[in-house]
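The shown structure was predicted, so the numbers you read here are calculated from the model rather than taken from an experiment. When reading the values below, keep in mind they use all heavy atoms of this one structure, side chains included, and skip hydrogens, waters and symmetry mates.
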Amino acid sequence: LNFTNANSENVKFMQLGSMPKNDQEKKPPNFIKGKIYYPKIKKDEYPVVLFLHGTGGLGYRSKKMKEVFLKNNIAFFEIDMFGSRNKKSGHKNRLKSTRNYLPDVWGALDWISQNPKLNKNKIAIVGQSMGGFLALNIAIGMHTWMFSYDWNSKIPKAIVAWYPVCSAINTNSSLFKRLMNDSEIKNIPIKNTIILSPELDAYEKDSGECGRTYEDFFSKDKRNVWIAKSATHAFDSNPKKKQSKNNDPAQFSLGRLKSKSSSIQVHDEKLADKYREKTVKYILNIFNN
């Protein structure tokens with residue numbers, strides 16, 4: 001790749017790791033698509049954030065997140081988990097097991113570790129919705145399950161998971177037992193983890209779901225769970241678009257909605273800007289200490 005004359009580059013990289021046999025994707029892609037953006041200020045090495053999109057795919061939310069990181073001189077690496085599988089975004093095309101996207105994330109982190117322009121000691125992950133769930137899985141200790149070689153050199157310094165559907169973790173008692181009993185997966189959580197949970201997220205049974213997840217896997221320090229007051233899932237969507245109903249079946253099986261209900265997605269631009277800035281400030285603080 002030519003890093004000198006470009007602010008961004010399209011990249012392809014291989015998946016890394018493997019999922020349990022009963023959980024494998026039927027036709028995983030050979031390569032994952034991504035794009036790396038570099039700040040305008042030239043440096044020998046850049047800190048980097050790996051961005052993991054939600055079910056809606058890449059778009060407005062990724063663009064706005066990219067802008068705030070680049071403004072703070074942090075490289076921004078986004079991967080396209082739908083495009084790599086020649087799928088359009090949307091819950092109908094989402095893999096049945098979200099964790100089957102984890103090898104994409106491992107491959108992205110491995111690619112970062114081999115990029116001479118990126119600082120290996122200053123890597124963070126920001127994920128939203130489905131991507132937030134993937135980020136949270138890494139944060140609670142899934143990374144040691146996936147690798148037979150030294151993963152410690154590639155563990156991100158910080159993770160911020162935006163509305164990651166904590167109820168999906170809280171209802172998986174098998175996962176919790178495996179992690180906590182150290183039988184199949186060694187639970188080595190990434191302590192610099194923040195969960196952002198909208199107060200009115202219809203995917204959660206109640207507004208305390210992410211707080212319970214944090215207590216189970218990290219600590220009882222509630223300062224590391226940000227509750228966005230009066231906000232809905234994906235409150236940072238494009239404010240120019242009409243507010244729409246969300247009919248994802250996962251809201252019925254995991255969240256607080258009744259079987260024939262659907263949530264209204266409310267766009268809140270000021271609140272979104274506040275939490276984007278808060279996210280960057282948190283990560284910069286981790287990088288600089």
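Few gaps surround NZ on Lys278; more than 12 heavy atoms of other groups in view lie less than 6.0 Å from it. For NZ of Lys205, the number of neighbouring non-hydrogen atoms (other residues, nucleotides, ligands) closer than 6.0 Å is greater than 12. For Asn30, the CG atom is loosely surrounded, since the number of other residues' heavy atoms within 6.0 Å does not exceed 12.
In plain terms, the two heavy atoms of Tyr101 and Leu95 that are nearest each other are OH-N, 3.1 Å. Contact between Ile195 and Cys166 at its shortest, heavy atoms only, is CG2-SG, 4.1 Å. A pairwise comparison of heavy atoms in Lys88 and Asn93 identifies O-ND2, 2.9 Å as the closest pair. Between Asn119 and Asn121, the shortest heavy-atom contact is OD1-N, 2.8 Å. For the pair Ile112 and Leu50, the tightest heavy-atom approach, listed with the atom from each and the gap, is CD1-CB, 4.3 Å. The two residues Pro39 and Ile74 make their nearest non-hydrogen contact at CG-N, 3.6 Å.
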> Do Ile283 and Val160 pass the side-chain contact (heavy atoms from CB on, under 4.5 Å) test, and can you show the C-alpha distance, the side-chain angles, and the key distance before you say yes or no?
Replying inline: CA-CA 8 Å; Ile283 289 173; Val160 182; 4.2 Å; yes

>> Under the criterion side-chain contact (heavy atoms from CB on, under 4.5 Å), I'd like the reasoning laid out for Ser219 against Tyr214: C-alpha separation, chi angles, the key distance, then a yes or no.
In response: CA-CA 6 Å; Ser219 72; Tyr214 206 92; 3.7 Å; yes

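For the atom pair CG of Asp80 and NZ of Lys33, the computed distance is 6.5 Å after rounding to the nearest 0.5 Å. The distance from the CZ atom of Phe218 to the CD1 atom of Ile194 is 10.0 Å, given to the nearest 0.5 Å. Atom CG of Asn192 is separated from atom CD1 of Ile159 by 9.5 Å, given to the nearest 0.5 angstrom. Put simply, OG on Ser261 and CG on Asn246 are 12.0 Å apart, with the number rounded to the nearest 0.5 Å. How far CD of Gln128 is from OH of Tyr163: 4.0 Å, rounded to the nearest 0.5 Å. Expressed to the nearest 0.5 Å, how far CZ of Phe13 lies from CD1 of Ile32 amounts to 6.0 Å.
Counting only distance, with no hydrogens or angles, the side chain of Glu199 and the backbone of Ser230 share a donor-acceptor pair below 3.5 Å. Under the 3.5 Å distance criterion, the side-chain polar atoms of His53 are matched with a main-chain donor or acceptor of Met81. Not one N or O on the side chain of Asp201 forms a donor-acceptor pair closer than 3.5 Å with the backbone of Ser197. One N or O on the side chain of Ser89 and one on the backbone of Gly56 form a donor-acceptor pair closer than 3.5 Å.
A salt bridge links Lys63 with Glu67: the closest approach of a Lys/Arg side-chain nitrogen to an acidic carboxylate oxygen falls below 4.0 angstrom. Classification of Glu25 and Arg85 as a salt-bridged pair holds, one side-chain N sitting under 4.0 Å from a carboxylate O. Salt bridge Arg212/Glu209: present, at least one basic N to carboxylate O contact under 4.0 Å. A salt bridge is defined here as a Lys NZ or Arg NE, NH1 or NH2 lying under 4.0 Å from an Asp or Glu carboxylate O, and Asp44 with Lys117 fails to meet this definition.
For the 3.5 Å distance criterion, the side chains of Tyr60 and Asp236 fail to qualify, holding no donor opposite an acceptor. Checked by atom type, the side-chain pair Thr213/Asn170 shows a donor-acceptor distance below 3.5 Å. Side-chain contact, Ser263 with Gln251: a donor N or O sits under 3.5 Å from an acceptor N or O. Side-chain N/O atoms of Glu269 and Asn238 include no donor and acceptor closer than 3.5 Å. A donor-acceptor contact closer than 3.5 angstrom is absent between the side chains of Thr232 and Gln265.
Using a 4.5 Å heavy-atom threshold, the side chains of Phe287 and Lys157 count as touching. Two residues are said to be in side-chain contact when any heavy atoms from C-beta on lie closer than 4.5 Å; Leu58 and Glu78 meet this criterion. When side chains are defined from C-beta on, Lys71 does not count as touching Lys40, because their heavy atoms never get closer than 4.5 Å. Leu254 places a side-chain heavy atom less than 4.5 Å from the side chain of Ser167. Asp248 places a side-chain heavy atom less than 4.5 Å from the side chain of Arg94. Residues Lys241 and His267 form a side-chain contact, since some pair of their non-hydrogen atoms from C-beta on lies under 4.5 Å apart.
Ile36 and Val280 are assigned to two separate hydrophobic clusters, defined by single-linkage of ILVMFWY side chains at heavy-atom distances under 4.5 Å. Hydrophobic clustering, with ILVMFWY side chains joined whenever heavy atoms are under 4.5 angstrom apart, keeps Val165 apart from Leu102. Hydrophobic clustering (ILVMFWY, side-chain heavy atoms < 4.5 Å, transitive): Leu109 and Ile286 are in distinct clusters. Under the 4.5 Å side-chain heavy-atom criterion for ILVMFWY residues, no single connected hydrophobic cluster contains both Leu200 and Tyr203.
By the 30° and 60° cut-offs, the orientation of the rings of Tyr282 relative to Trp226 is perpendicular. A perpendicular orientation is assigned to the rings of Phe235 and Tyr275, their planes being inclined by more than 60° (bins at 30° and 60°).
Annotation: side chain to side chain donor-acceptor pair (under 3.5 Å) contacts of Thr193 (sequence neighbours excluded): none. For Arg276, the salt bridge (charged side-chain N to carboxylate O under 4.0 Å, His left out) partners at least two apart in sequence or on another chain are Asp273.
Annotation: cation-pi pair Lys66/Tyr37 present, NZ/CZ under 6.0 Å from the ring centroid and within 45° of its normal.
The distance between the ring centers of Phe77 and Phe51 does not fall below 6.0 angstrom. In summary, the aromatic rings of Tyr46 and Tyr38 are positioned with their centroids under 6.0 Å apart.
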